[in-house]
Amino acid sequence: MIRLAETIDALRPLCGSAFGCQILSSALAYGLSRPFAQFWTDGAAAYGMLDGVMRIAGAVEDPEEARSFLGAVGAAQVVCSAENGARLGLRAAARGAVLEKDLAGAPAPAEPAPVRAVYEVLAANGMAGDFEPFYLDLSHRLRHGAARASVLYAGGEAVAAAAAALAGESALVTAVAVLPAEQGKGYGGAVLRAVEAQLGGCRAYLLRAEHENERFYALRGYMQSGAWCAGVLE
């Protein structure tokens, strides 16, 4: 039976994946008592909903129960593995590859990231919504050690940015972007290396959109380990 997670430790055994990293990072940042960030488990899967977006880690063993649950809690969108999406009958609006890479070394010092600069680079690529919720969320995660971010400058201007959700020994790279006018100059690889350095010896995950940036991430050591989808229930 799907039930509210009473402790963060109840989520940890189910969070060894890209989706689990996202769920656990949110739980570590916000705790279990915020109305906009809620977490559940049934022992086989972990569910984490933040601002209406539900992420699922582990294995959905009872699709009928899970579908009823998702409808009851008002999940506006579901993000999960392709396997779980198929079990749920998810109508996917987006899909792609789950990538992973084992990072080496101790984490570099995490210097305070200028959140506005991160936002401006992402927004220039259509990768960010309204500024205020973005700023509040990333600032909160950074303060609570549940995220890392890096910005690259050239000529005094922020030209590239990267961010990652952090959950113990795993991390999910959530964004890598370069200003459109500055692309093709090596800034993307440089800012990715910078945020990876802050993650240290983590296993890094990444959700790559279908047919996008395949060569970029392959050249940087990311290997496909699965598939993801995002959408709504039929």
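Computed from a predicted model, the values in this text were never measured in an experiment.
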Which pairs would a plain distance check flag for residues 4-15, meaning a side-chain donor or acceptor within less than 3.5 Å of a matching protein atom at least two apart in sequence or in another chain?
| unit_1 | atom_1 | unit_2 | atom_2 | d |
| --- | --- | --- | --- | --- |
| Thr7 | OG1 | Ala10 | N | 3.2 |
| Asp9 | OD1 | Arg12 | NE | 2.8 |

Legend entry - Residue pair Gly89 / Arg67: nearest heavy atoms and the distance that separates them: O-NH1, 4.1 Å
Legend entry - Phe131: partners by ring-ring contact (aromatic ring centres under 6.0 Å, His included), with sequence neighbours left out: Tyr119, Tyr135
Inset, instruction - Applying side chain to side chain contact (heavy atoms under 4.5 Å, CB included), run through Phe19 and Ser81 and close with a yes or a no. - result: CA-CA 8 Å; Phe19 317 100; Ser81 68; 3.8 Å; yes
Inset, instruction - Sorted by first residue and then second, give each salt bridge (Lys or Arg N to Asp or Glu O under 4.0 Å) pair with at least one member in residues 82-101; sequence neighbours left out. - result: Arg91-Glu234, Glu100-Arg203, Lys101-Glu196
Legend entry - Co-members of the apolar cluster containing Leu50 [side chain, <4.5 Å]: Tyr30, Phe36
Inset, instruction - Could you tell me the separation between the CD atom of Glu214 and the CG atom of Leu219, rounded to the nearest 0.5 Å? - result: 11.5 Å
Inset, instruction - Find the distance between CG (Leu192) and OH (Tyr222) and round it off to the nearest 0.5 Å. - result: 4.5 Å
Inset, instruction - First locate atom CG of Asn84, then atom CG of Leu90, and finally report the distance between them rounded to the nearest 0.5 Å. - result: 10.0 Å
Legend entry - Ser26 OG to Arg34 CZ distance, which is reported to the nearest 0.5 Å: 12.0 Å
Legend entry - Sidechain-backbone polar pair: Asp130 side chain, Glu132 backbone, donor-acceptor under 3.5 Å: no
Legend entry - Met54 and Val73, any side-chain heavy atoms less than 4.5 Å apart: yes
Inset, instruction - Could you please spell out the steps behind the side chain to side chain contact (heavy atoms under 4.5 Å, CB included) verdict for Val115 and Phe134? - result: CA-CA 9 Å; Val115 177; Phe134 177 93; 4.0 Å; yes
Inset, instruction - Please determine if Arg215 forms a cation-pi arrangement with Tyr217, meaning its NZ or CZ atom is less than 6.0 Å from the six-membered ring centre and no more than 45° off the ring axis. - result: no
Legend entry - Pairs satisfying ring-ring contact (aromatic ring centres under 6.0 Å, His included), at least one member in residues 57-76, at least two apart: Trp40-Phe69, Tyr47-Phe69
Legend entry - Cluster overlap Tyr153 with Val118, hydrophobic side-chain contacts below 4.5 Å: yes
Legend entry - hydrophobic_cluster_shared for Ile23 and Leu70, side chain cutoff 4.5 Å: no
Legend entry - Distance (rounded to the nearest 0.5 Å) between Leu28 CG and Arg141 CZ: 10.0 Å
Inset, instruction - For the residue pair Val121 and Val151, establish whether any side-chain heavy-atom pair is separated by less than 4.5 Å. - result: no
Inset, instruction - Might you work through the side chain to side chain contact (heavy atoms under 4.5 Å, CB included) test for Cys202 and Ser170, ending with a clear yes or no? - result: CA-CA 5 Å; Cys202 284; Ser170 64; 5.7 Å; no
Counting only pairs under 3.5 Å, give me each side-chain donor-acceptor contact of residues 171-190, with atom names and distances, residues two or more places apart or in other chains.
| unit_1 | atom_1 | unit_2 | atom_2 | d |
| --- | --- | --- | --- | --- |
| Thr174 | OG1 | Ala163 | O | 3.2 |
| Glu182 | OE1 | Lys185 | NZ | 2.8 |
| Gln183 | NE2 | Asn125 | OD1 | 3.2 |
| Gln183 | NE2 | Val178 | O | 3.0 |

Inset, instruction - Grab the two heavy atoms, one from Ala230 and one from Gln77, that are nearest each other, plus how far apart they are. - result: CB-NE2, 4.1 Å
Legend entry - Where Ser25 and Ala146 come nearest, the two heavy atoms and their spacing: OG-O, 2.8 Å
Inset, instruction - Enter the distance from Ser150:OG to Leu152:CG here, rounded to the nearest 0.5 Å. - result: 7.0 Å
Legend entry - Pro112 and Leu142, any side-chain heavy atoms less than 4.5 Å apart: no
Legend entry - Hydrophobic cluster membership, Val53 vs Val98, 4.5 Å side-chain cutoff: yes
Legend entry - Over 12 foreign heavy atoms within 6.0 Å of CD, Glu210: yes
Legend entry - Shared hydrophobic cluster for Met49 and Val60 (ILVMFWY, side-chain gaps under 4.5 Å): yes
Legend entry - Path from Leu199 to Leu206 over hydrophobic side-chain contacts below 4.5 Å: no
Inset, instruction - Using a 4.5 Å cut-off on heavy atoms from C-beta on, say whether the side chain of Asp42 contacts that of Asp62. - result: no
Inset, instruction - Could you tell me whether the side chain of Tyr205 reaches within less than 4.5 Å of the side chain of Leu99, counting heavy atoms only? - result: no
